[in-house]
Amino acid sequence: MGLASTGAPWFRASMSSGTFSLLSPRSPLSVPISPSRNVCLSSALLSCNCLSCAYWKKSATLDCKASVYVQRRCTQNFRRSVTENRVRKVSCSLLKVEDGINDEACELVSGVELSLGEGADNIQAYLFKAVKNNNGTGILLLSDVFGFEDSSTREFAYRIACNGYNVLVPDLFRGDPWGRDRPKAMFEEWIGGQDPQRVAKDIESSTKWMVDEFVAAGISKKLGIIGFCFGGGRVIEVLARDRGACFGIGVSFYGTRMDPSIASKISVPVLFISGDDDPLCPVNVLRDMEKSIGSGAKVVLFGERGHGFAHRPASPEEDGDAEQAFTTMRNFLYDGLVVNKN
């Protein structure tokens, strides 16, 4: 069988006849494909209770849509966050695709919820850890306003871990992320309630945990840091304070509420990825920071793209740019953290 390519990095499971095969640790499942519609996996997954299929079962039964998309590079769409405090292993090879499509090495990734700090300083976090071919490098991922349990953020973290990294995603909002069901008029009030000093302290606690876990143990010499939107803006603040002590590289995706005046304090390479049609992340601000940071700073702009396209693509065209953005980031991290270890 085969999957019909749309030309973007996503593939729609549809064909004129045949079956759609889902591979599980216990047995492969085959779903008949109707010539007149796309595949819905919910009923097919009910026959298997293995962990891998459980993820797909949750996705299909809780949020079942008419079509199923399969992303080519180590991705899963976690539509419901994992809240159990235990280690899980998930495979990025659940779906059988055509030979040659999955040209990136996939591997198992373990995931575990963590509780960092004690008392009033306690925060929750989620760690994605490469099981096979782990390169020993730790990466701190700062989420957008939708928080660390958001499916798009966790999917992105999972993809990074698939490339051999250990990715920590902390809860920057202490259980109170912005919700899509809230009135937009309340956003400024909500964001104003997120004390910048408290957020900075929680990021510091997360950094300390990663240093103790990976750097002090001699596993990783320097950490990497990535952020989206709100988190992308915090990347600049963290690197300006850190001055190369813990972090050896940073990636900011369309950062918001950034302070260009502190960029000159950054002493490590920074990659800025954004769309040129994003009012929340003005291009002139990015260019100014690129000049202030100097050598090692790089701005990559995607034409006609707005906010959030890299981790929340909303169209086949954005899918293509999202894939390119991920590849750009991946190569940047590899060159800075794996090849040229500081």
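Predicted model only: the values in this text are computed from it and were never measured.
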Could you tell me whether the side chain of Tyr126 reaches within less than 4.5 Å of the side chain of Asp171, counting heavy atoms only?
no
Please find the pair of heavy atoms, one from Leu286 and one from Ser274, that lie closest to each other, and give the distance.
CD1-CB, 3.7 Å
OG1 of Thr327 to CZ of Arg330, rounded to nearest 0.5 Å, is 4.5 Å
Any heavy-atom pair between the side chains of Gln324 and Phe302 that's under 4.5 Å?
yes
Are Leu116 and Asn122 close enough, and set up right, to give a side chain to side chain contact (heavy atoms under 4.5 Å, CB included), and what steps lead you there?
CA-CA 5 Å; Leu116 311 180; Asn122 176 261; 5.8 Å; no
Heavy atoms, side chains only, cut-off 4.5 Å: are Glu149 and Glu113 in contact?
yes
Criterion side chain to side chain contact (heavy atoms under 4.5 Å, CB included) on Val169 and Thr153, from CA distance to verdict
CA-CA 9 Å; Val169 189; Thr153 295; 4.0 Å; yes
With the threshold set at 4.0 Å, does a side-chain nitrogen-carboxylate oxygen contact exist between Asp176 and Arg182?
yes
Flag side-chain contact, heavy atom, 4.5 Å: Ile226 against Met329
yes
Walk me through whether Ile191 and Trp178 qualify under side chain to side chain contact (heavy atoms under 4.5 Å, CB included).
CA-CA 8 Å; Ile191 198 69; Trp178 177 250; over 6 Å; no
Please confirm whether the backbone N or O of Ser264 pairs with a side-chain atom of Ser292, one donor and one acceptor, at under 3.5 Å?
no
Between Glu204 and Lys201, does at least one N-O distance fall below 4.0 Å, as a salt bridge requires?
no
Answer yes if the ring centres of Phe228 and Phe230 are under 6.0 angstrom apart, and no otherwise.
no
Do side-chain atoms of Asp277 reach the backbone of Arg305 as a donor and acceptor pair under 3.5 angstrom?
no
Side-chain donor/acceptor of Arg154 to backbone N/O of Phe148, under 3.5 Å:
yes
Mark yes or no for whether Arg234, through its side chain, and Ile203, through its backbone, hold a donor-acceptor pair below 3.5 Å.
no
Spacing of Leu168 atom CG and Leu142 atom CG [to the nearest 0.5 Å]:
9.5 Å
Heavy-atom nearest pair, Val131 first then Ser110, reads CG2-N, 3.6 Å
Going by heavy atoms in the side chains, are Asp202 and Arg174 under 4.5 Å from each other?
yes
What are the two closest heavy atoms between Val251 and Val235, and how far apart are they?
O-CG2, 3.9 Å
Could you give the distance from SG (Cys162) to CG (Leu108), rounded to the nearest 0.5 Å?
9.0 Å
Following the transitive rule for hydrophobic clusters with a side-chain heavy-atom cut-off under 4.5 Å over Ile, Leu, Val, Met, Phe, Trp and Tyr, establish whether Val211 and Ile123 coincide in one cluster.
yes
Grab the two heavy atoms, one from Ile160 and one from Tyr165, that are nearest each other, plus how far apart they are.
O-CD1, 3.4 Å
Hydrophobic cluster membership, with links at side-chain heavy-atom distances under 4.5 Å among I/L/V/M/F/W/Y: are Phe272 and Leu280 in one?
no
State the CD1-CG distance between Ile293 and Asp288, to the nearest 0.5 angstrom.
11.0 Å
Check this for me, if you would: do Arg312 and Asp144 make a salt bridge, where the nitrogen-to-carboxylate-oxygen distance has to be below 4.0 angstrom?
yes
Can Asn166 and Thr137 be counted as having a side-chain donor-acceptor contact under 3.5 angstrom?
no
To the closest 0.5 Å, what do you measure between CE (Met210) and CG (Leu127)?
7.0 Å
Residue pair Leu223 / Leu140, side-chain heavy-atom distance below 4.5 Å:
no
Of Asp335, Val339, Leu333, which meets side-chain contact (heavy atoms from CB on, under 4.5 Å) against Leu337?
Leu333
Begin with the C-alpha distance, continue with both residues' side-chain angles, and end with the deciding distance and a verdict on side chain to side chain contact (heavy atoms under 4.5 Å, CB included) for Thr256 and His307.
CA-CA 10 Å; Thr256 60; His307 199 67; 3.6 Å; yes
Which residue in the set Phe326, Phe253, Tyr254, Tyr158 passes ring-ring contact (aromatic ring centres under 6.0 Å, His included) when paired with His311?
Tyr254
Which pair of non-hydrogen atoms, one from Glu237 and one from Arg257, has the smallest distance, and what is that distance?
OE2-O, 4.4 Å
Do Lys208 and Asp212 sit within salt-bridge range, that is, some charged N less than 4.0 Å from a carboxylate O?
yes
Given side chains that start at C-beta, do those of Pro282 and Val285 come closer than 4.5 Å, heavy atoms only?
yes
What heavy-atom pair brings Leu301 and Arg287 nearest, and what distance separates the two atoms?
CD1-NH2, 3.8 Å
Between Arg180 and Asp150, is the closest basic N to carboxylate O distance under 4.0 Å?
yes
4.5 Å side-chain heavy-atom contact, Arg159 and Phe128:
no
Identify which one of Ser206, Ser143, Ser205 satisfies the side-chain contact (heavy atoms from CB on, under 4.5 Å) criterion when paired with Pro170.
Ser206
Spacing of Leu172 atom CG and Gln194 atom CD [to the nearest 0.5 Å]:
9.0 Å
